[in-house]
Amino acid sequence: MPSSDKPTIVLVHGAFADAASYAQVIPRLIARGFDVVAPAVPNRSLIGDAAYVASVVRQIRGAVVLVGHSYGGAVITVAGTEDNVKGLVYLAGYALEKGESLGELQGRFPDSDLAAALVYTPFPVEGSDTPGTDVSVRTDRFPDIFAADVDPRLAAVLAVSQRPLAAQAFAEAAPAAAWKTKPSWGLVASSDHTINPDVERYGYQRAGMTTVEVDSSHLVMLAHPDRVVDLIEEAVRATSD
């Protein structure tokens, strides 16, 4: 796994997406000399997804800065307790409290436009007669809810190539909150129609994060990659020995 004098940047994608959502950020980080890992998150359960990302982090020699977008923010909240994680960066993300679920945090605020555009689909669960439930977004609504300021041709591709999130992930309580012991940064996408921006602000303020706001859709990494890379570099500088 990567190892250099600089920390490795581990980019954790969110629900309804995959690591390609960092396609504009990755080359910029590489050009600035960073090792980058962008794993495919299973999107099956918060605890399971966090365990998977933690296993990736443990295999990296040296320091790590964990970056989480959207649901990926909840994942890094748990996975970020690994010893070599030096900082956390949340991009339009969920910063959960220990013992809190995504549903509980979202429930404190008015619904975003996403709530009325969700699609629920059963999927087989190995070893069980009871199916699971996948949650995705109506393809015709995806561009305006997720990617209003992204190239429409790309938004159309993203709409039909979603990585669904299992409904189980919404209800699981976070067993840890890494931001309690790790320095953290948060980016609010102020024109977000996927997550109510007040959900982002609340989580970041509660955690005492250094916070910036960008007038962006939910997919801020594609719409404003330079702003995202600048925030990641700020986290790197602040956590470097």
Side-chain angles (χ1 to χ4, degrees), residues 1-4 6-46 48-60 64-80 82 84-85 87-94 102 134-137 139 142-143 145-147 150-151 153-166 169 185 187 189 192 194-195 216-233 235-236:
M1 298 292 281
S3 177
S4 70
K6 292 183 177 180
T8 297
I9 311 301
V10 177
L11 303 170
V12 180
H13 66 78
F16 323 125
D18 60 22
S21 56
Y22 287 104
Q24 295 296 324
V25 168
I26 291 170
R28 286 168 167 80
L29 289 172
I30 292 173
R32 299 187 192 193
F34 290 104
D35 289 326
V36 180
V37 177
V41 181
N43 281 5
R44 299 294 83 187
S45 71
L46 174 58
D49 294 342
Y52 176 78
V53 170
S55 75
V56 172
V57 168
R58 282 195 298 274
Q59 295 177 65
I60 297 172
V64 166
V65 170
L66 262 181
V67 181
H69 173 246
S70 190
Y71 166 67
V75 174
I76 70 169
T77 295
V78 181
E82 290 297 313
N84 57 332
V85 173
L88 308 168
V89 180
Y90 291 76
L91 306 173
Y94 295 103
L102 287 170
D134 260 342
V135 184
S136 57
V137 183
T139 55
F142 188 100
I145 291 175
F146 267 75
V150 174
D151 184 322
R153 294 168 297 180
L154 175 56
V157 172
L158 297 173
V160 301
S161 58
Q162 295 178 48
R163 192 182 186 103
L165 180 67
W185 287 258
L187 184 152
D192 201 333
T194 301
I195 299 176
S216 176
S217 70
H218 190 58
L219 286 175
V220 63
M221 311 91 72
L222 289 170
H224 301 279
D226 289 325
R227 297 293 300 275
V228 169
V229 171
D230 286 346
L231 185 63
I232 293 171
E233 282 210 305
V236 169

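Contact record, I195 with A92: CD1-O, 3.3 Å, taken as the closest heavy-atom pair. The two residues A79 and V53 have their closest heavy-atom pair at CB-CG1, 4.0 Å. V228 and L91 make their closest contact through CG1-CD1, 3.8 Å (heavy atoms, listed as atom of the first residue, atom of the second, distance). Taking every heavy atom of both residues into account, A155 and V150 meet most closely at N-CG1, 4.5 Å. The two residues G68 and Y22 make their nearest non-hydrogen contact at C-OH, 3.9 Å.
Sorted by first and then second residue, the pairs that involve residues 65-79 and meet side chain to side chain donor-acceptor pair (under 3.5 Å), not counting sequence neighbours, are D49-Y71, S70-H218, T77-Y90.
Interatomic distance, I76 CD1 to E82 CD, rounded to the nearest 0.5 Å: 13.5 Å. To the nearest 0.5 angstrom, F16 atom CZ is 13.5 Å from S161 atom OG. Note that CG of L187 is 10.0 Å distant from CG of D192, once rounded to the nearest 0.5 Å. The distance from the CG atom of D18 to the CD atom of Q162 is 10.5 Å, given to the nearest 0.5 Å. Residue D151 holds its CG atom at 10.0 Å from CG of L158, rounded to the nearest 0.5 Å. The OG1 atom of T8 lies 5.0 Å from the CD1 atom of I60; values are rounded to the nearest 0.5 Å.
Put simply, the side chain of Q24 never gets that close to the backbone of H224: no donor and acceptor are under 3.5 Å apart.
Put simply, the side chain of H13 reaches to within 4.5 Å of the side chain of N43, judged on heavy atoms. V37 places none of its side-chain heavy atoms less than 4.5 Å from the side chain of L11. Side-chain atoms of F34 and V236, non-hydrogen and from C-beta on, do get closer than 4.5 Å to each other. P164 is not listed as a side-chain neighbour of V135, based on a closest heavy-atom distance of 4.5 Å or more. Contact annotation: the side chain of V25 approaches that of P225 to within less than 4.5 Å [non-hydrogen atoms, C-beta and beyond]. Side-chain contact between V12 and V67: absent, with no pair of heavy atoms (C-beta onward) separated by less than 4.5 Å. The closest side-chain heavy-atom distance from L66 to V89 is not below 4.5 Å. Contact check for V41 versus Y52: no side-chain heavy atoms found under the 4.5 Å cut-off.
Here D134 pairs with R44 under the side chain to side chain donor-acceptor pair (under 3.5 Å) rule; sequence neighbours left out. Under the side chain to side chain donor-acceptor pair (under 3.5 Å) criterion, S217 pairs with D149, not counting sequence neighbours.
Using a 4.0 Å cut-off between charged side-chain N and carboxylate O, K6 and D35 make no salt bridge. Ion pairing between D230 and R28 fails under the 4.0 Å rule for side-chain N and carboxylate O.
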